[in-house]
**Q** 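Okay, here's the structure, questions in a sec.
Throughout, a chain's letter reflects where its sequence line sits, starting with A, and its residues are numbered from 1.
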Amino acid sequence: MHRWGMVIDLAKCTGCQACVIACQAENNVPSSNPEQAELGRSIHWMEILTFTEHEYPNVKIRFMPRPCMHCDNPPCTKVCPVKATYYSKEEGIVGQVDLRCIGCRYCTTACPYTLKSFNWYQPHWSPEMKNHLNPDVDVRPIGVVEKCTFCSHRLVNVREKAKLEGREFNPDEYIPACVQACPSGVLYFGDLADPNSKVSELSKSIRAFRLMEELGTKPKVIYLSEEV
Amino acid sequence: MEAKKDNLEQDQVLLNPILKTGKGFYLAAAILLAITGGAAFAYFKQFVLGLGVTGMSRPVYWGIYITNFVFFIGISHAGTLISAILRLARAEWRRAITRSAEVITVLVLFFGVGNILIDLGRIERAIYVIYHGNFHSPLLWDVTSITMYLTASSIYLFLPLIPDIAILRDNVKKRRWLYRFLSLGWQGTEAQKRRLEIGIAVMAVLVIPIAVSVHTVVSFVFAMTIQPMWHTAIFGPYFVVGAIFSGIAALIIAMALIRKAYKLQDYLKPIHFNNLGILLLVMCLLWFYFTFAEHLTTFYGAEPVQLKIFYAKLTGEYAPYFWSMVLFNFVLPFALLARKKTRTVAGTVIASISVTIGMWLERFTIVVPTLINPRLPTGISFYHPTWVEAFITLGCFAFFIFLYALFTKFFPIVSIWEIREGREKALAEVEERIRTYLPGEVSGEESG
């Protein structure tokens, strides 16, 4: 039994978007264009939300990386009529099966974080990108919903590798692409079920908070606020 | 057999739409089918290119297709529910209107379900709802409930149709095979009549809880989420009331149209419109009460996430929709229906058209403002339906009216045998019933 979770230290985030790009490349997230982005059709599994405070010239912009919250009590899995999105009890990950999805978009409306994306058009990539799709991740077709999976294909890979090498699987081997790419060490990843893991330790920090905790969704993404 | 023939002459006008078809019908059918064709083209485009051809986005994942779904399912409450209640209440004025009401239900349900299918990203996987159904999902409750409702109301439409089909079989020359098959060997014997009566009575009772459940679970699609101004316990009854409200309006419009087209002024009289107008007035007041209660509760509680949507509706971008809804759903129909002087055929029809528009707007202001104001900002603050969505919506209305008109060409839209039963049996029965209400008389079995 694992409860994979992420800690995001907002004090360190520079808004460089490296996590966003790493996620797009790793997970075959299709490219958008300015017109579609304007219409709110871009797909982001990982996204940097910006919050602008105060007036010019004392503007302060806060950045907030936003993956899927992988709630322990997810509002999206309950409403899916075909179990295309589900909660894995073994890993604590909220999965999304594009082959099952009928595209009703009920989960997208039920998610209080509005973080799920829909394939409004046939997905497309620039020719350079098209030849470098990740074979470990499905290419989602038109008309289905998709979202961050905590790069669960990587978990499968490291587990198999450990098995082949005839040794115990080490949880530290499992790192999602965004965590790996972050240059300023904003993102931490690990098993929240293990009380000695780094993420468990950080989740007890006085700066720790979860997004919309009051809704009872029990997110496994924990933010560390900029100030105490 | 002899008596039957005699009576038929009296009700000949009810058979006329089936016997002869004028130019007007073909013209109307051509226009309606042309609009439907446009909608089919629009859907083809959407099917090929994807839902990107609509105005939807993140966070407005649902738009006017879902609005139409809720609206059409609401209209379906016109028929079966109203007809069942009137039958059970033994309201004698029901005889001329039940059929036209029941047909609305059965036909419009297809458009409610159809809009959900049109809204799916991958319609070819719709069957997964049955293969891999998740009974935790309110959408599956909808599937279950609407399927049951469609089945029950089809039976409820068909049962009282049997004696009329037998009349057609015996008196109409065309489509004999169809009428012979559908009349299921009806001869009008006492035993058959008794069985039919039991069947109709059982279905009338069954259909009421099913109808209530249908619109309750439609509201649950919204109410079961934790989104602001959706997650409220009032939605179940609020949607049921709105459904009956729009349903009666649709029925009045349909009655006015068939009355005019087939010259049924002698059957659909001002008194029918007056009585339905009073029912509409009651629903209008109930609707206002629910709307008022819902919005006052939200305003008084003053939770910021809720208020954002509240103000989007009352003073913000959706204010034109909201206030036209209040005008069309309350101010106008109330003014017309509250006074006997304006509760005429024309008056009730104007009120009904107003309510139909108003209830569509109500569904729209429930679906969109909540979606467009999510808890986390997405930067999108607009939803403009495209021509594809508009055409498909128009096509639904056009095709529905076409199918309704087609029904009137196959079956009598006013129940012949029930009118006849009214003349032959009910007159005496009603007198007898009233006698039991009065002091002095002792009656053993009457309990009504």
**Q** Flag the pair A/Arg105 / B/Asp119 as yes when at least one side-chain heavy-atom distance between them is below 4.5 Å, and no otherwise.
**A**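 With C-beta onward as the side chain, the pair touches.
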
**Q** Is B/Pro377 close to chain A through its backbone or its side chain, or both, or neither, when contacts mean heavy atoms under 4.5 Å?
**A**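 It is both, since atoms from each part get that close.
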
**Q** Is it the backbone or the side chain of A/Ile102 that comes under 4.5 Å from a heavy atom of chain B, or both, or neither?
**A** both

**Q** Among B/Ile226, B/Thr370, B/Leu140, single out the residue with the greatest number of heavy-atom pairs under 4.5 Å to chain A.
**A** B/Ile226

**Q** For each of B/Glu124, B/Gln227, B/His136, tally heavy-atom pairs with chain A at distances under 4.5 Å, and name the one with the top tally.
**A**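 Between B/Glu124, B/Gln227, B/His136, the count favours B/Gln227.
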
**Q** Just wondering, are more than 12 heavy atoms of other shown residues or ligands nearer than 6.0 Å to NZ in A/Lys89?
**A** no

**Q** Is A/Arg100 close to chain B through its backbone or its side chain, or both, or neither, when contacts mean heavy atoms under 4.5 Å?
**A** both

**Q** Who wins among A/Thr109, A/Leu211, A/Val79 for the most heavy-atom pairs under 4.5 Å with chain B?
**A**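 Option with the top pair count is A/Thr109.
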
**Q** Heavy-atom count check: over 12 atoms from other residues, nucleotides or ligands less than 6.0 Å from B/Phe110 CZ?
**A** no

**Q** In terms of heavy-atom proximity below 4.5 Å to chain A, should B/Phe135 be classed as side chain, backbone, both, or neither?
**A** neither

**Q** Count the heavy atoms belonging to other residues, nucleotides or ligands that lie under 6.0 Å from NZ of B/Lys308, then report whether that count exceeds 12.
**A**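 Yes, enclosed.
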
**Q** What's the verdict on side chain to side chain contact (heavy atoms under 4.5 Å, CB included) for A/Val144 and B/Arg122, showing C-alpha distance, side-chain angles and the deciding distance?
**A** CA-CA 7 Å; A/Val144 299; B/Arg122 300 207 71 93; 3.5 Å; yes

**Q** With rounding to the nearest 0.5 angstrom, report the CD to CG distance, A/Gln122 to B/Leu49.
**A**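 Going from CD on A/Gln122 over to CG on B/Leu49, the span is 9.5 Å.
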
**Q** Considering only heavy atoms, which portion of A/Cys111 lies under 4.5 Å from any heavy atom of chain B: side chain, backbone, both, or neither?
**A** backbone

**Q** Let's test your reading of the structure: which of B/Gly50, B/Gly55, B/Pro138 forms the most heavy-atom pairs below 4.5 Å with chain A?
**A**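 Heavy-atom pair counts peak at B/Pro138.
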
**Q** Is the count of non-hydrogen atoms from other residues, nucleotides or ligands lying under 6.0 Å from B/Lys45 atom NZ greater than 12?
**A**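 No, not enclosed.
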
**Q** Side chain, backbone, both or neither: which part of B/Leu371 has a non-hydrogen atom closer than 4.5 Å to chain A?
**A** side chain

**Q** Below 4.5 Å, heavy-atom pairs only: which of A/Ser117, A/Cys80, A/Ser42, A/Pro75 has the largest tally toward chain B?
**A**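 Option with the top pair count is A/Cys80.
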
**Q** Which atoms form the tightest heavy-atom contact between A/Phe118 and B/Gly121, and what is the distance?
**A** CZ-CA, 3.8 Å

**Q** Tell me, side chain or backbone of A/Thr217 under 4.5 Å from chain B's heavy atoms, or both, or neither?
**A** side chain

**Q** Quick check for you: to the nearest 0.5 Å, what is the distance between B/Arg58 atom CZ and A/Ile43 atom CD1?
**A**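 With rounding to 0.5 Å, CZ (B/Arg58) is 10.0 Å from CD1 (A/Ile43).
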
**Q** To the nearest 0.5 angstrom, please state how far the CD1 atom of B/Ile380 sits from the CG atom of A/Leu39.
**A** 7.0 Å

**Q** Between B/Leu376 and A/Thr114, what is the shortest heavy-atom contact and its length?
**A**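 That closest heavy-atom pairing would be O-OG1, 4.3 Å.
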
**Q** Looking only at heavy atoms, what is the nearest atom pair of A/Tyr106 and B/Phe220, with distance?
**A** OH-O, 3.8 Å

**Q** Does CD belonging to A/Glu38 count more than 12 external heavy atoms closer than 6.0 Å?
**A** no

**Q** Based on non-hydrogen pairs under 4.5 Å, which of A/Pro81, A/Gly143, A/Gly40 is most in contact with chain B?
**A**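 Ranked by heavy-atom pairs under 4.5 Å with chain B, first place is A/Pro81.
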
**Q** I'd like to know whether CZ of B/Phe41 has more than 12 heavy-atom contacts from other residues, nucleotides or ligands below 6.0 angstrom.
**A** no

**Q** Quick one: what part of A/Met64 sits under 4.5 Å from any heavy atom of chain B, side chain, backbone, both or neither?
**A**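 Contact with chain B: none, neither part.
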
**Q** Any idea which heavy atoms bring B/Arg125 and A/Pro141 closest together, and the distance?
**A** NH2-CG, 4.2 Å

**Q** Quick one: what part of B/Trp230 sits under 4.5 Å from any heavy atom of chain A, side chain, backbone, both or neither?
**A** side chain

**Q** Between B/Thr225, B/Val221, B/Ile123, B/Val305, which shows the greatest number of heavy-atom pairs under 4.5 Å with chain A?
**A** B/Val221

**Q** Check this for me: B/Leu296, atom CG, are more than 12 non-hydrogen atoms of other residues, nucleotides or ligands nearer than 6.0 Å?
**A** yes

**Q** Considering non-hydrogen atoms only, spot the tightest contact between A/Tyr121 and B/Gly52 and give its length.
**A** OH-O, 3.1 Å

**Q** On the 0 to 90° scale, with breaks at 30° and 60°, tag the A/Trp120-B/Tyr61 ring pair as parallel, tilted or perpendicular.
**A** parallel

**Q** With a sphere of 6.0 Å drawn around CZ of A/Phe209, does it hold more than 12 non-hydrogen atoms of other residues, nucleotides or ligands?
**A** yes

**Q** Counting C-beta onward and ignoring hydrogens, is there a side-chain heavy-atom pair between B/Leu120 and A/Cys104 closer than 4.5 Å?
**A**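 The answer is yes; the side chains approach within 4.5 Å.
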
